Asker: 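I'd like to ask some things about the structure below.
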There are 2 protein chains.
Amino acid sequence: MIKCVKCEQVDSIMKAGYVRGKQRYLCKTCNYYFTQSEKDVSASSVMKRRRHQTTIIDIAKSLGVSNSTVSRALHGHADINPETRQAVLDKALQLDYQPNQLAYNLVKSKTNTIGMIVPEFHNPFFPNVIIGAHEVLTNAGYNLTIMQSNESYQVEISNTKAMLANRIDGLLISLTQETNNFDHLSVFEKRGIPLVLFNRVCEQINVPKVVVNDFEASFLAVEHLIMNGYERIAHLGGPLNLLVSQERLRGYRAAMEKHGKTIEDHMIIQGMLTQQKARIYGQYLLDLANRPDAIFAVNDSSAIEIMLMAKEKGISIPDELGVVGFSDNPESAYIGPGLTTVRQPTYEIGRTTADWILQLVDDEDVILPEKRVLKTELIVRGSSRRCGN
Amino acid sequence: MIKCVKCEQVDSIMKAGYVRGKQRYLCKTCNYYFTQSEKDVSASSVMKRRRHQTTIIDIAKSLGVSNSTVSRALHGHADINPETRQAVLDKALQLDYQPNQLAYNLVKSKTNTIGMIVPEFHNPFFPNVIIGAHEVLTNAGYNLTIMQSNESYQVEISNTKAMLANRIDGLLISLTQETNNFDHLSVFEKRGIPLVLFNRVCEQINVPKVVVNDFEASFLAVEHLIMNGYERIAHLGGPLNLLVSQERLRGYRAAMEKHGKTIEDHMIIQGMLTQQKARIYGQYLLDLANRPDAIFAVNDSSAIEIMLMAKEKGISIPDELGVVGFSDNPESAYIGPGLTTVRQPTYEIGRTTADWILQLVDDEDVILPEKRVLKTELIVRGSSRRCGN
DNA sequence: AACGTCTTCGCAAACGTTCCCGATAGTTTT
DNA sequence: AAAACTATCGGGAACGTTTGCGAAGACGTT
């Protein structure tokens, strides 16, 4: 009773094993393998019935028009009769049509999404940058997906890969302190995906960058300390492979040299300033035989840690110890006599990078790589004001 | 010389206008319209040559196998010869293949992305929640896209629409203070997209919620004030359409009543506490003829504003005025005598919501809606410590 | 020889859009 | 009346995957 599906023969059929639960046959005459399901498959086909979302095709069918017409109507394109358009729009509303962005993305090969990779979240700096960028991107109709490299080069690489796979339209990135190789970034250039670096930038790659005037800011901060009569100023700096750390160190040195202060190498400490590290370094500096009379720290949390330790040790601020931080965290305005610090325009950084990426995404024309330097502001508070000025 | 493309006739051809730059003809015999481009189209086809990214098809072609084989090899599926797989992997590396997540998303109808909508960014509360959720989601291999409703119901609706269009796998949302209608949320239920509410929740919709023990926290905070000898305690509350505001007000009232304190209605102010509003309300309260001897504010920024104003007016804290805030912002530890406040487990809130949405995304089985209540902690500082306890 | 098992791979249909072309018909100009 | 123009609409390829199902052998077992 089994007929070959090709030659319609019945005699020369022989069994040839099972495949996925179905009997398999071989026709000896035409030498053709074929299978025949024993059970009806209706049950399984019912099983995998998925939740259906109304598509353009549904609208087209129910209106008796073509997909293209519906698509045109939905997008207010030309070549469409106003009545037809209205009918489509009504039907879309009635069927609760929600466009499938995924299909759109695939065909257009763009996602209306900008990616952002930041090294960490724990200082308020990056969250604020995100807020600024988010505002600009949202207003321009773009989404923002954020990833966190956690200061790890390997994670940064996997982040960029994920960004590539997700076909973001542009990338905003602030580098890891471990990042010394930039191949994972040049991939974006090759792919024609715009890229903007901010804060943690590098010189080795030729893309737009947004930074602040770290050198100048440090210079002014240290000069401010000197003007207030501090002589032996220590520097608590960040890891030296970061450009920002180098620049801030340069500013410190320049100010010291300009005013003829001797720079004592053991008073310069560079490294990743976790809270624990800040305490250790602070301990070291404050217990020094010939202890510094001021400390310029590269972030506010370290500066505050120093202030707390000084308070514990009975060292008065600003009389016996001047302290200056960097970034103007919210708590810096309220602690002790107030922490003098360098305010970074965080929102502005976010807005600027976002503005820039939007330009690059929209314009196909290559815009020359440029470094945009935003201005910081020295906020003078009690922790460094010793001369009444 | 023009032949009809159907009947091959030459004589009965006549011109019939232009369409998009091409001459159009009509064959009179077979009554058939057709066009014939005058210029060669090679130029234009070269023009629109797009940047090509290597696809699975490229690998398949260069290896002489089929797409399916490549796909299976790339995903470590079964039914694949180890040698073939290795060849595919090598070729993929060689051609710098990056999978196209968009195509994957389309065919799988999922995006590996969780959406999050928050009303605002300016308090550190939501950024911290984001950090917690981000951590969990990243570890689980999910992306996070964040949108901001800006406390506007309309924006919230458009946000949810965008989330739907982008086919997120799950949504975390904290509602706007304007949100009284929840149709835009029930859409997610209908679509089978899991939803978790946090912080700004509502009772009208039956989904998992993550909140803190607002009532209890308020109760304890006010009781703490009473224990410290404060009698006439004012309450600076949030907008009353928010459940959190209602709960905190309830806690305030309960504590006052339990200890037999009279609740004076003009000492309860509810509203959106911007910095400006906080100043206005604070002014009002502190200038009252029979001024309160303590203020329980519903967030720290308002409490701090009160403290600053008290300082300006020469009202001593905590002797003449006790102040308690809510949320434990970073600056609260450092201001004046220290601000007593209710610490919210922000990271934990983020982690919990994220954990939950991941469960819902993975399990098709419906988990019963449940409200998870996280514990707050009363952080006692100088602004309310009057009895040495 | 007849039948069963196992491994490996290809075909082709989705997934839901967008958009290039051309088709059709009515109207206007030459 | 021929030619041109205008306004609408449909067909169908493309976007790059995944995956169900079957094909083609090789080999083992009665």
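Values in this document were obtained by computation on a predicted structure and should not be read as measured data. So that the names make sense, note that chain A is the first sequence line, chain B the second, and so on, each numbered from 1.
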Asker: Ignoring backbone atoms, establish whether B:Ser66 has a side-chain N or O less than 4.0 Å from OP1 or OP2 of C:dC11.
Answerer: no

Asker: Just how far, in rounded Å, is C1' of C:dA13 from CG of B:Asn67?
Answerer: 13 Å

Asker: Taking any heavy-atom pair under 4.0 Å as a contact, classify B:Ser68: base, sugar-phosphate, or nothing.
Answerer: base

Asker: Base, sugar-phosphate alone, or nothing: which one does B:Ile56 contact when heavy atoms must sit under 4.0 Å apart?
Answerer: sugar-phosphate

Asker: Is the phosphate of D:dC15, meaning OP1 or OP2, less than 4.0 Å from a side-chain N or O of B:Tyr104?
Answerer: no

Asker: Expressed in angstrom and rounded to an integer, what is the separation of B:Ile57 atom CD1 from D:dG16 atom C1'?
Answerer: 6 Å

Asker: Would the distance check show the side chain of A:Ser186 and the main-chain N or O of A:Phe182 forming a donor-acceptor pair, the cut-off being under 3.5 Å?
Answerer: yes

Asker: Write down the distance between CG (A:Leu95) and P (C:dG16), rounded to a whole number of angstrom.
Answerer: 14 Å

Asker: Check whether any side-chain N or O of A:His75 sits under 3.5 Å from a backbone N or O of A:Ser71 as a donor-acceptor pair, and report yes or no.
Answerer: yes

Asker: Can you identify which nucleotide, out of C:dT8, D:dT8, D:dC15, has its nearest atom closest to the B:Pro82 side chain?
Answerer: C:dT8

Asker: Could you check how far CG of A:Leu106 sits from C1' of C:dC19, rounded to whole Å?
Answerer: 14 Å

Asker: Looking at D:dG10, I'd like to know if its phosphate oxygens (OP1 or OP2) sit under 4.0 Å from a side-chain N or O belonging to A:Thr69.
Answerer: yes

Asker: Determine whether A:Val207 and A:Val196 satisfy the following criterion, side-chain contact (heavy atoms from CB on, under 4.5 Å), listing intermediate values before the conclusion.
Answerer: CA-CA 6 Å; A:Val207 297; A:Val196 175; over 6 Å; no

Asker: Here's a test for you: under side chain to side chain donor-acceptor pair (under 3.5 Å), which of B:Thr160, B:Thr179, B:Thr176 qualifies with B:Ser149?
Answerer: B:Thr176

Asker: In whole angstrom, what separates A:Leu102's CG from C:dT17's C1'?
Answerer: 10 Å

Asker: Looking at A:Ser109, I'd like to know whether one of its side-chain N or O atoms comes within less than 4.0 Å of OP1 or OP2 on D:dC15.
Answerer: no

Asker: Grab the CG-P distance between B:Leu74 and D:dT18 for me, whole Å please.
Answerer: 8 Å

Asker: Whole-Å distance between D:dG25 P and B:Asn81 CG?
Answerer: 16 Å

Asker: Between B:Lys110 and C:dC15, is there a contact of a side-chain N or O with OP1 or OP2 at under 4.0 Å?
Answerer: no

Asker: Could you give the CZ-to-C1' distance, from B:Arg72 to D:dT17, as a whole number of Å?
Answerer: 13 Å

Asker: Using the benzene-type ring in the case of Trp, are the ring centres of B:His184 and B:Tyr153 under 6.0 Å apart?
Answerer: yes

Asker: Ignoring backbone atoms, test whether B:Thr84 places a side-chain nitrogen or oxygen under 4.0 Å from the OP1 or OP2 oxygen of C:dT8.
Answerer: no

Asker: So does B:Lys108 get a side-chain nitrogen or oxygen closer than 4.0 Å to the phosphate oxygens (OP1/OP2) of D:dT19?
Answerer: yes

